[in-house]
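Numbers restart at 1 for each chain; the letters A, B, ... are given by sequence-line order, proteins then strands.
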There are 2 protein chains.
Amino acid sequence: MNHSTGHDIADALGPLLRRSTRAHLYHRLTEGLGEAVDDLTYPVLSGLARTGPSSAADLGREIGLDRTTVTRRADRLERAGLLQRQPDSTDGRATLLALTDDGHRIVVTTRQRLAAAIDSALATWPPADAQAFARLLRRFVDDGPFTPDHD
Amino acid sequence: MNHSTGHDIADALGPLLRRSTRAHLYHRLTEGLGEAVDDLTYPVLSGLARTGPSSAADLGREIGLDRTTVTRRADRLERAGLLQRQPDSTDGRATLLALTDDGHRIVVTTRQRLAAAIDSALATWPPADAQAFARLLRRFVDDGPFTPDHD
DNA sequence: GGAAAAGCGTGCGCAGCGCACGCTAATCTG
DNA sequence: CAGATTAGCGTGCGCTGCGCACGCTTTTCC
């Protein structure tokens, strides 16, 4: 066997990975949103939006970062007023990280930017193709070929 | 407008980006291929396979890395015998980086690993869906929604 | 033929990361 | 119920990787 669909997809995935590193994409999505928001801090913001108020350790597990790294990135975001630290009423040791309204607004903005970028790339596509692609991509992601170690 | 196909795709892209950072993927693909080959050095190897023998500056532009970073990563790969430095016969200043046979073998191996991982994720898919996905993904990538700055 | 530009490697300062420590609070155990 | 272990937190510290700037050689341009 010298050919497979996997090979075709790998060929397409190569350029995708090359041109849109997570860092590149996040850099672009967070442009102009203030000094505290960049490709490093954005995953904290976005993860927090997904999980709701969360301890640094839990959030670290969620987004695949060391606990202390989360702490320090959260420091920057806290100074910028995008998240707050709250004592956990059910556990005196824990400190919950929670988005402020401003923090939420940032996440909404970046998500709109991403959707808009994708829409503009798909503007010339037949709607049926675009929807088929969305559906297939979601299934591909759910089938999880590249699950990292921390899951 | 509170819904768009771009939004659907963004929702699927999120988990994909979260779970398969380039670093994670490259780490997995290069596992056990020797000390010199890791997520940092692999782009140099793979880029060189794409371009053929190339100067460090050109290769840096190709893969979006600083010239000096390429030089140092190439040092590691050279020590491991995966690439060679050759004087450029047409330009006395330049030093060409070129894959050795061993280096080529590494790239072939990782590409097979990637294709195999994708095939296994798609194993349960109807072949028509898999091929449609490959086609649509390629078109999506070619339409380039996320072109980085260095292009 | 001399000046500007382009190539290379290396020194150096900076940033980010993970580990380890000390501390407090919760949980387990006898 | 008290002592010990576990789990949470922030911070200090060493390591690594990066980009800039320098000095050097070779090519290109006037």
Side-chain angles (χ1 to χ4, degrees), chain A residues 18 21-24 26-27 30 35-45 47-48 51-80 83-98 148-150, chain B residues 18 21-24 26-27 30 35-45 47-48 51-80 83-98 148-150:
Chain A
R18 217 174 305 132
T21 312
R22 186 160 68 164
H24 274 143
Y26 285 179
H27 178 72
T30 59
E35 168 140 31
V37 184
D38 59 14
D39 53 306
L40 293 181
T41 54
Y42 180 64
V44 172
L45 235 40
L48 222 41
T51 63
S54 164
S55 74
D58 284 346
L59 186 57
R61 274 186 282 272
E62 166 74 17
I63 62 183
L65 254 45
D66 187 86
R67 178 182 65 82
T68 63
T69 299
V70 172
T71 293
R72 277 182 262 241
R73 294 187 184 183
D75 288 344
R76 290 179 53 195
L77 293 169
E78 188 180 27
R79 272 194 296 273
L83 69 77
Q84 272 185 329
R85 285 184 157 87
Q86 315 170 340
D88 183 342
S89 56
T90 74
D91 186 336
R93 300 167 295 182
T95 305
L96 292 180
L97 306 175
D149 302 342
H150 73 272
Chain B
R18 217 174 307 132
T21 310
R22 186 162 66 167
H24 274 143
Y26 284 178
H27 178 72
T30 58
E35 170 141 31
V37 185
D38 59 15
D39 52 306
L40 294 181
T41 53
Y42 179 64
V44 172
L45 235 41
L48 223 41
T51 64
S54 166
S55 75
D58 284 345
L59 185 57
R61 273 186 283 272
E62 165 74 18
I63 61 182
L65 254 46
D66 187 87
R67 177 183 66 81
T68 64
T69 299
V70 172
T71 294
R72 277 182 263 241
R73 295 186 185 183
D75 288 344
R76 289 180 53 195
L77 293 168
E78 187 180 28
R79 274 194 296 272
L83 68 76
Q84 273 184 330
R85 284 184 158 87
Q86 315 170 340
D88 184 342
S89 57
T90 73
D91 186 336
R93 300 167 296 181
T95 305
L96 292 180
L97 306 175
D149 302 342
H150 72 271

Could you pull out all residues at least two apart from [X] that satisfy side-chain contact (heavy atoms from CB on, under 4.5 Å)?
X: B:S55; result: B:A57, B:D58
X: A:R85; result: A:T71, A:A74, A:D75, A:E78, A:T95, A:L97
X: A:D66; result: A:T68, A:T69
X: B:D88; result: B:T90, B:D91, B:A94, B:L96

Between C:dC12, D:dG17, C:dG18, which nucleotide gets closest to the side-chain atoms of B:R76?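 Nearest to the side chain of B:R76 among the choices is D:dG17.
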
Could you check how far [atom1] of [X] sits from [atom2] of [N], rounded to whole Å?
X: A:L65; N: C:dG18; atom1: CG; atom2: C1'; value: 11 Å
X: A:H27; N: C:dA15; atom1: NE2; atom2: P; value: 17 Å
X: A:D88; N: C:dT27; atom1: CG; atom2: C1'; value: 15 Å
X: B:Q86; N: C:dG7; atom1: CD; atom2: P; value: 18 Å
X: A:R72; N: D:dT11; atom1: CZ; atom2: P; value: 9 Å
X: B:L59; N: C:dG9; atom1: CG; atom2: P; value: 12 Å
X: A:E78; N: D:dT11; atom1: CD; atom2: P; value: 10 Å
X: B:D66; N: C:dA6; atom1: CG; atom2: P; value: 16 Å

Return the 5'-most residue of the pair A:G92, A:T69 with respect to DNA chain C, ranking by each residue's nearest nucleotide.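 Mapping each residue to its closest nucleotide by heavy atoms, the 5'-most match is A:T69.
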
Relative to the 5' end of DNA chain C, which residue comes earlier, A:T68 or A:D38, by the nucleotide with the nearest heavy atom?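 Nearer the 5' end of the strand: A:D38.
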
With a 4.5 Å heavy-atom cut-off, do B:L48 and B:L45 have their side chains touching? no

When you compare the protein's N or O atoms with those of nucleotides 1-9 of chain D, which come within less than 3.5 Å of each other, and at what distance?
{"from": "D:dA7", "atom 1": "O4'", "to": "A:R93", "atom 2": "NH1", "distance (Å)": "3.2"}
{"from": "D:dA7", "atom 1": "N3", "to": "A:R93", "atom 2": "NH1", "distance (Å)": "3.3"}
{"from": "D:dC9", "atom 1": "OP1", "to": "A:A56", "atom 2": "N", "distance (Å)": "3.2"}
{"from": "D:dC9", "atom 1": "OP2", "to": "A:A57", "atom 2": "N", "distance (Å)": "3.2"}

Would you please name every residue forming a side-chain hydrogen bond (donor to acceptor under 3.5 Å, both in side chains) with B:R22, sequence neighbours left out? A:T21

Nearest heavy-atom approach of B:D38 to B:T30 is CA-OG1, 3.6 Å

